[in-house]
Amino acid sequence: FSLSESTLEAASLNARINISSNISISSPDKSAFLSIYGRIISKTNFLIDANLIKRKGIIEFIHSWEHLPKNVNDNVSLLIAGEGPERKNIEDTIKRYNIDNITLLGHVEYNDIKKYLQVVDVFVLPTLEDLNSLSVYEALAASKPLLISKYNGSRFLVLEKKNGFI
């Protein structure tokens, strides 16, 4: 993953999507929702919603996230929703690199994921192997730009720089 350019472009893309979309959440609603749930509030919030297993590529994504330029890193946060056997490795990686803008949400109920999708700016799925991801369709239904890997079977849904990045 090369995050620096894609991160900024995805945030810009989200601004254009929200302007043209019938579904729009104002900043106060976004701030209120994220503060109620005790999460990081930044200018640009990214969400991964996945089982915490190796093939989802979350550890690899965190390695890339850790290398974001400081001016980008100071203005973004990553929320990771899900549980699984890789949780401890993910926690250890976050601690090892002293990353303070990643929050592990743990298991999030399906109806609450919809709420997160309404208020985050970009949906991420860095999978290393996935035939077809339902979460990609859900993010598109919420008008969120996608940042997904080339190994995601849903990549055919991404129109480069129009609704996301591969």
Practice task
Start with the C-alpha gap between K144 and D121, add the side-chain angles, then the distance that decides, and say whether salt bridge (Lys or Arg N to Asp or Glu O under 4.0 Å) holds.
Solution key: CA-CA 6 Å; K144 295 303 160 186; D121 301 292; 5.7 Å; no
Can you tell me how far apart [atom1] ([X]) and [atom2] ([Y]) are? Round to the nearest 0.5 Å.
X: R87; Y: D92; atom1: CZ; atom2: CG; result: 11.0 Å
X: F123; Y: S143; atom1: CZ; atom2: OG; result: 14.0 Å
X: I53; Y: E129; atom1: CD1; atom2: CD; result: 9.0 Å
X: R55; Y: T127; atom1: CZ; atom2: OG1; result: 6.0 Å
X: I102; Y: L78; atom1: CD1; atom2: CG; result: 5.0 Å
X: H67; Y: Y97; atom1: NE2; atom2: OH; result: 6.0 Å

Exercise for the section: Please check if any side-chain donor atom of D49 sits under 3.5 Å from a side-chain acceptor atom of S135, or the reverse. Expected result: no
Exercise for the section: Please determine if K95 and E91 form a salt bridge, counting it only when a charged side-chain N lies under 4.0 Å from a carboxylate O. Expected result: no
Any side-chain heavy-atom pair from [X] and [Y] closer than 4.5 angstrom?
X: I148; Y: P126; answer: no
X: I62; Y: I80; answer: yes
X: L125; Y: L146; answer: no

Practice task
Check whether any side-chain N or O of N75 sits under 3.5 Å from a backbone N or O of N71 as a donor-acceptor pair, and report yes or no.
Solution key: yes
Handout entry: Verdict with supporting geometry, H63 and T93, side chain to side chain contact (heavy atoms under 4.5 Å, CB included)
Key = CA-CA 8 Å; H63 287 295; T93 301; 4.2 Å; yes
Practice task
Check the hydrophobic clustering (I, L, V, M, F, W, Y; side-chain heavy atoms under 4.5 Å; chains of links allowed) and say if L147 and Y151 are grouped together.
Solution key: no
Practice task
Decide whether I99 and V124 are clustered together by the hydrophobic rule: side chain heavy atoms of Ile, Leu, Val, Met, Phe, Trp, Tyr closer than 4.5 Å, transitively.
Solution key: yes
Handout entry: Name of the residue among L117, D112, V119, I113 meeting side chain to side chain contact (heavy atoms under 4.5 Å, CB included) with K115
Key = D112
Completion exercise
Only one of I59, I58, N89 passes side chain to side chain contact (heavy atoms under 4.5 Å, CB included) with L52, and that residue is I58
Exercise for the section: Test K56 against L128 for side chain to side chain contact (heavy atoms under 4.5 Å, CB included), laying out the working first. Expected result: CA-CA 6 Å; K56 294 299 181 177; L128 303 174; over 6 Å; no
Practice task
Going by the ring pair (Phe, Tyr, Trp, His ring centres under 6.0 Å) test, name the single residue among F61, Y116, W65 that passes it with F46.
Solution key: W65
